[in-house]
Number of protein chains: 2
Amino acid sequence: MKTYDYLLSYGVKPSVQRIAIMDYLLEHRTHPSIEDIYLALCDDIPTLSKTTVYNTLKLFVEHGAAQMLTIDERNVNYDGDVSLHAHFLCKKCNKIYDLPAAQEEERMEQFNMNGFAVQEIHQYYKGICPSCAAEEE
Amino acid sequence: MKTYDYLLSYGVKPSVQRIAIMDYLLEHRTHPSIEDIYLALCDDIPTLSKTTVYNTLKLFVEHGAAQMLTIDERNVNYDGDVSLHAHFLCKKCNKIYDLPAAQEEERMEQFNMNGFAVQEIHQYYKGICPSCAAEEE
DNA sequence: TTTAAATTTGTAATAATTACAATTAGATTT
DNA sequence: AAATCTAATTGTAATTATTACAAATTTAAA
C-alpha cells in the first residue's frame, strides 16, 4: 500500500511532511527519536521544522498509526509498528530492539475486571544487547 | 528496620537527606517525581537542594534501593518497592498504580538464550483508572 | 585539632518539549 | 482562474527536566 493510502486508513490527511515521516518510520525499524527523524529528513525537505515532526508524531499516535516508547528516560522514541511486541533497551549502545510479546489477554481481562481500562501495553526490558556483550570480551 | 540500616543494607551511606528521601519513598507508594519529593521535604529540610534529590535517587537506583519508572513521558518517577510488579498510568489523573506482575522466568531464559542480558523488567499499562472512569458518568 | 574525603548546595548550562503567532500550502467557492 | 477559507507548516520564544560543576558544608579519620 502506498503511504498516502496508509495514512488515510488511519484517518490522517496526508501531506508531503507526513508521508515522509511515516515512510521513515516504516522503513527504519530503529525506534527513532524526534531528533533522529528530523535530521534524517532535513536533506530531502530542507524547510522541515522540528515542530512539524513533534506535531506529526503526536498526530500519528492519536490516530494509532504509531506508538510512543518511553523506555529511554533521555527522550521519547517512536515505532511505526503498532502491533504488540516487547522492547529491549541496551544500556551500553542505547539501541532499542524488538522482542516477541508476552501474551496479555488474561491479564487485560483481570485488569479490566478491576476497573482499569487498559489502552496501552508496554513491555520494556533493559540490559546489555548481544552485540555489546560480545564486545566486552 | 530503621531506614539508617535499610540504606546500609543496600550499601548506601546514610545521611540526613538520604534517610529523609528513602523514608519518603517507603512511606509514600505514589511513585513520586523528583519535584514531588523535593517539595515534600522542603519543609523539614529547608536547605535541601533539588540537585541533592537528583543525586540521591541516582545513587539509590545504582545500589538497587529504588527503581526508576519511565512510564510517564513528562518526567521520571521513582519507586521504593524494587520487587517485580506492574504499573498502570492513568492518562486522565496521571496517577501511577501498582498491579501484580506477570511471570517473567520463561521469557528471561529465552531472552538470555538469545544473548540479551536482561537487567530490568518494566511492565507498563496506560489507560483510565477506576476512579477516573467512575467520574465520567 | 587538623586534615582529608565525601556530601550537599546553588548556579549555570544543556536538552527536550511546548506554546504560539506568522506564513505557507491546499482545497473550495465563485 | 482568482478569491477565499481552512488546515498545515514554520520559526521563534518560553518552559521544563535534567546535568555539570565549582564552592561550601558536613562527616570521618588521623
Side-chain angles (χ1 to χ4, degrees), chain A residues 3-4 7-8 10-24 31-63 65-78 89 91 94 96, chain B residues 3-4 7-8 10-24 31-63 65-78 89 91 94 96:
Chain A
T3 308
Y4 183 95
L7 286 176
L8 281 179
Y10 280 102
V12 173
K13 204 163 127 193
S15 75
V16 171
Q17 290 85 348
R18 289 171 182 178
I19 290 171
I21 292 171
M22 184 48 85
D23 266 339
Y24 186 85
H31 316 92
S33 65
I34 293 286
E35 183 79 5
D36 294 335
I37 298 169
Y38 174 72
L39 291 176
L41 299 182
C42 265
D43 294 332
D44 288 308
I45 310 174
T47 65
L48 186 67
S49 160
K50 206 178 270 188
T51 301
T52 299
V53 184
Y54 274 99
N55 291 341
T56 303
L57 268 303
K58 193 179 173 218
L59 189 77
F60 287 177
V61 170
E62 281 165 4
H63 285 77
Q67 67 174 139
M68 176 194 283
L69 307 182
T70 59
I71 192 171
D72 190 339
E73 87 235 33
R74 299 176 314 158
N75 54 29
V76 156
N77 297 85
Y78 291 92
L89 172 67
K91 289 186 176 184
N94 290 310
I96 297 173
Chain B
T3 308
Y4 183 95
L7 287 176
L8 281 178
Y10 280 103
V12 173
K13 205 164 126 191
S15 74
V16 172
Q17 291 84 348
R18 289 172 182 177
I19 291 171
I21 293 172
M22 184 50 87
D23 267 338
Y24 186 83
H31 316 93
S33 65
I34 293 286
E35 183 80 4
D36 293 335
I37 298 168
Y38 174 73
L39 291 176
L41 300 182
C42 265
D43 294 332
D44 288 308
I45 310 173
T47 64
L48 186 66
S49 160
K50 206 178 273 189
T51 300
T52 299
V53 184
Y54 274 101
N55 292 341
T56 302
L57 268 302
K58 193 179 173 218
L59 190 78
F60 287 177
V61 170
E62 282 165 3
H63 285 76
Q67 67 173 137
M68 176 194 285
L69 306 182
T70 60
I71 192 173
D72 190 339
E73 86 236 33
R74 300 176 313 160
N75 54 28
V76 156
N77 298 86
Y78 291 91
L89 172 66
K91 289 185 175 185
N94 290 310
I96 297 173

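In what follows, every heavy atom counts, from backbone to side chain, and hydrogens, waters and symmetry copies are set aside. Letters A, B, ... are given to chains in the order of the sequence lines, protein chains preceding strands, and every chain is numbered from 1. Model, not experiment: these values are computed from the prediction.
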- A/Tyr78 side chain reached by A/Asp36 side chain, heavy atoms, under 4.5 Å: no

- Task: Round to the nearest Å and state the distance from B/Ile45 atom CD1 to C/dT7 atom P.
- Result: 16 Å

- C/dT9 phosphate, OP1 or OP2, under 4.0 Å from B/Thr47 side-chain N/O: yes

- Distance from B/Ile19 atom CD1 to B/Gln17 atom CD, nearest 0.5 Å? 9.5 Å

- Roughly, in whole Å, what's the span from NZ in B/Lys58 to C1' in C/dT7? 15 Å

- Query: Is the backbone N or O of B/Lys13 less than 3.5 Å from a side-chain atom of B/Arg18, with the two atoms forming a donor-acceptor pair by type?
  - Reply: yes

- Item | Side-chain donor/acceptor of B/Thr3 to backbone N/O of B/Asp23, under 3.5 Å | no

- Rounded interatomic separation in angstrom, taking CG from B/Asp36 and P from D/dT16: 15 Å

- Send over the distance from A/Ile19 CD1 to C/dA25 C1', rounded to a whole Å. 14 Å

- Item | Options D/dT10, C/dT9, C/dT17, nucleotide nearest the side-chain atoms of B/Thr52 | C/dT9

- Rounded distance (Å) that lies between atom C1' of C/dT8 and atom OH of B/Tyr38: 13 Å

- Message: Let me spell it out: for each of B/Val16 and B/Glu35, pick the nucleotide of DNA chain D with the closest heavy atom. Which residue's pick is nearer the 5' end?
- Response: B/Glu35

- Task: Check the distance between C/dT18's C1' and A/Lys50's NZ and give it to me in whole angstrom.
- Result: 13 Å

- Task: For the side chain of B/Tyr54, starting at C-beta, report the closest nucleotide among D/dA17, D/dT9, C/dA16.
- Result: D/dA17

- Item | Donor-acceptor contact present, side-chain A/His31 to main-chain A/Ile96, <3.5 Å | yes

- What is the distance from CG of B/Leu39 to P of D/dT16, rounded to the nearest Å? 13 Å

- Item | Residue A/Asn75, side-chain atoms from C-beta onward, closest of D/dA8, C/dT17, D/dT18 | C/dT17

- Query: Base, sugar-phosphate alone, or nothing: which one does A/Ser33 contact when heavy atoms must sit under 4.0 Å apart?
  - Reply: nothing

- Return the nearest nucleotide to the side chain of A/Thr51; candidates are C/dT9, D/dT18, D/dT12. D/dT12

- Note on the structure: Between B/Val76 and B/Pro14, whichever has its closest DNA chain D nucleotide further toward 5' is B/Val76

- Item | Presence of A/Arg18 side-chain N/O under 4.0 Å of D/dT9 phosphate oxygens OP1/OP2 | yes

- Want to settle it: does B/Arg74 or B/Asn55 sit nearer the 5' end of DNA chain C, counting the closest nucleotide to each? B/Asn55

- Message: So if I take every side-chain heavy atom of B/Lys13 and compare against D/dA28, C/dT17, C/dT9, which nucleotide ends up nearest?
- Response: D/dA28

- Task: Could you check how far CG of A/Leu57 sits from P of D/dT9, rounded to whole Å?
- Result: 12 Å

- Query: Has A/Gln17 got a side-chain N or O lying under 4.0 Å from the OP1 or OP2 atom of D/dT10?
  - Reply: yes

